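A quick write-up on the structure given underneath.
It should be emphasised that the depicted structure is a prediction, and the values quoted were computed from it without experimental measurement. Every chain is numbered from 1, with letters handed out A, B, ... down the list of sequences.
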Number of protein chains: 2
Amino acid sequence: MDINAESSRAGLKIGQLAQATTCNIETIRYYERAGLLPLPPRSQGGYRIYELEHVKRLNFIRRSRDLGFSLEEVRALLRLVDARGRSCNEARALAAQHLTDVRAKITDLKSMERVLRTMIARCKDGNLPDCPLIEALFRESCLRSGDLAP
Amino acid sequence: MDINAESSRAGLKIGQLAQATTCNIETIRYYERAGLLPLPPRSQGGYRIYELEHVKRLNFIRRSRDLGFSLEEVRALLRLVDARGRSCNEARALAAQHLTDVRAKITDLKSMERVLRTMIARCKDGNLPDCPLIEALFRESCLRSGDLAP
DNA sequence: TATAAACCCTGTAGTAACTACAGAGTCAAG
DNA sequence: CTTGACTCTGTAGTTACTACAGGGTTTATA
């Protein structure tokens, strides 16, 4: 009984952690260098050995990244995780700011979408002498609204 | 008469081009290195001298960038500009592909928006023991849809 | 005419968030 | 005992710029 006791006691090597979190190996080492993942203990041969806690933390990072948080924002969130206390207000503030940014990006992209759609439509109807799409890029003073996208 | 004849005959220095196009000086030199702007003639002292054609081309680049085209895409568009001919089909194809990408990004961002909104709302109501926003980041398998954002 | 301010030059290095090696060491199976 | 799969460190590449350092040039003014 307890067939995989050995392996679960021994922890995960980096490749196994990568598989468990669908995260690139190089990315894991990068997060470690960036101070987001704590330095794990090493085997005799110098291999990193990870435990369940690392899996959780890495999943936290990946999910935050999936939601578009920057690494700097993830760092801030992790500080709240580490400093147990009434982190709710700060976490909410971080997320609210990020939500604002996301909405601004959506607005910007919608403007682009509209302009592109119009240009393509103008290009489609008629075999005009010069490509109206290209002419539009020469002439049109496009958006210049938020310049939020980095 | 013809008060500013001298300056208009002489062309623009890089700072004037930058002002005319609201484009950073360093960015102009960068576009030159990247092969998007042709090498301009130089003054005796080695200063770049730009003409109207450069202004137009740089505006074209800036407008394309404002619409979210990558520099590689801008390069392709400029090839169509340079190779006069029936560029309409190709230009439309480029723009259509880009439009598809933009729409995918909008979709992704809308998902983020929804998840963030939900998280923040959950965090707002009630003084729960652990921050539900942070718990959600630990638990939730977020989006993992397109992974389009680079 | 001298000189200071304002401009321009090249070349390099920095940013975000990874990704991709090279060249070496470690470990498990046959 | 050797092959292959894995891991290690360190460095360099990516995108689209931006920011210097350390010089040269022009122009306006004293």
Side-chain angles (χ1 to χ4, degrees), chain A residues 6-7 10-37 39-50 54 58 61-78 98 101 105 108 147-150, chain B residues 6-7 10-37 39-50 54 58 60-78 98 101 105 147-150:
Chain A
E6 239 252 329
S7 69
L12 306 172
K13 281 186 283 185
I14 197 167
Q16 298 171 298
L17 177 62
Q19 258 197 314
T21 56
T22 48
C23 179
N24 199 315
I25 290 178
E26 327 262 27
T27 305
I28 295 173
R29 289 197 278 250
Y30 171 75
Y31 288 158
E32 182 184 307
R33 278 202 309 283
L36 298 174
L37 278 176
L39 297 170
R42 301 289 184 120
S43 73
Q44 285 151 331
Y47 287 13
R48 290 168 178 83
I49 304 297
Y50 295 102
H54 294 97
L58 183 49
I61 296 170
R62 294 310 292 170
R63 281 159 192 163
S64 304
R65 296 285 301 126
D66 279 350
L67 283 171
F69 286 98
S70 70
L71 282 194
E72 202 45 63
E73 288 169 326
V74 175
R75 225 185 302 273
L77 287 168
L78 285 171
H98 181 52
D101 295 350
K105 267 184 203 156
D108 270 17
D147 265 5
L148 246 158
Chain B
E6 240 253 328
S7 69
L12 306 171
K13 281 188 282 186
I14 196 166
Q16 298 172 297
L17 178 62
Q19 259 197 315
T21 56
T22 47
C23 181
N24 199 314
I25 288 179
E26 327 263 26
T27 305
I28 295 173
R29 288 197 279 250
Y30 172 75
Y31 287 159
E32 182 183 307
R33 278 202 307 285
L36 298 174
L37 279 177
L39 297 170
R42 301 290 185 118
S43 73
Q44 284 151 334
Y47 287 14
R48 291 169 178 81
I49 304 296
Y50 294 102
H54 294 97
L58 184 50
F60 182 96
I61 296 170
R62 294 310 293 170
R63 280 159 193 164
S64 303
R65 295 285 302 125
D66 279 350
L67 283 171
F69 286 97
S70 69
L71 282 194
E72 202 44 65
E73 290 168 326
V74 176
R75 225 185 301 274
L77 287 169
L78 285 171
H98 181 53
D101 296 351
K105 266 182 203 156
D147 266 5
L148 247 159

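Heavy-atom distances to DNA chain C give each of A:Ser43 and A:Asn24 a nearest nucleotide, and the one nearer the 5′ end belongs to A:Asn24. Place B:Ser70 and B:Glu26 on DNA chain D by their nearest nucleotides, and B:Ser70 ends up nearer the 5' end.
Atom pair A:Ile25:CD1 and C:dC18:C1' shows a separation of 15 Å (rounding to whole Å applied). The nearest whole Å value for the distance from the CG atom in B:Leu12 to the P atom in D:dT26 is 17 Å. Note: CD1 (A:Ile14) to P (C:dC27) measures 15 Å, nearest angstrom. For the pair B:Glu32 CD and C:dC9 C1', the computed distance is 11 Å after rounding to whole Å. In this structure, A:Lys13 places its NZ atom 6 Å from P of D:dT7, rounding to the nearest Å. Taking atom CD on A:Gln16 and atom C1' on C:dA28, their separation rounds to 13 Å, with Å as the unit. Across the protein-nucleic acid pair, B:Ile49 atom CD1 and D:dT25 atom P stand 14 Å apart, rounded to whole Å. Between the P atom of C:dA16 and the OH atom of A:Tyr30 lies a distance of 7 Å, rounded to the nearest Å.
Here A:Tyr31 lies in heavy-atom contact (under 4.0 Å) with sugar-phosphate atoms only. The residue B:Arg29 sits close to a base: some heavy atom pair falls under 4.0 Å.
Applying the 4.0 Å criterion to OP1 and OP2 of C:dC8, one finds that B:Arg48 has every side-chain N and O outside that range. An OP1 or OP2 oxygen of C:dA17 is reached within less than 4.0 angstrom by no side-chain nitrogen or oxygen of A:Thr27. The phosphate of D:dC8 (OP1 or OP2) has no side-chain N or O of A:Arg33 nearer than 4.0 angstrom.
B:Glu26 and B:Arg29 are joined by a salt bridge, as a carboxylate oxygen and a charged side-chain nitrogen come within less than 4.0 angstrom of each other.
A distance of 7.0 Å separates OG1 in A:Thr22 from CZ in A:Arg62, rounded to the nearest 0.5 Å. Between the CZ atom of A:Arg48 and the NZ atom of A:Lys13 there is a distance of 13.5 Å, given to the nearest 0.5 Å. Atom NZ in B:Lys105 sits 6.5 Å away from atom CG in B:Asp101 (nearest 0.5 Å).
No hydrogens or angles were tested; on distance alone, a donor-acceptor pair under 3.5 Å links the side chain of A:Tyr47 to the base of D:dC6.
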>> Please evaluate residues B:Tyr31 and B:Val74 with respect to the criterion side chain to side chain contact (heavy atoms under 4.5 Å, CB included), reporting the C-alpha separation (whole Å), side-chain torsions for both, the decisive distance (0.1 Å), and the verdict.
In response: CA-CA 11 Å; B:Tyr31 287 159; B:Val74 176; over 6 Å; no
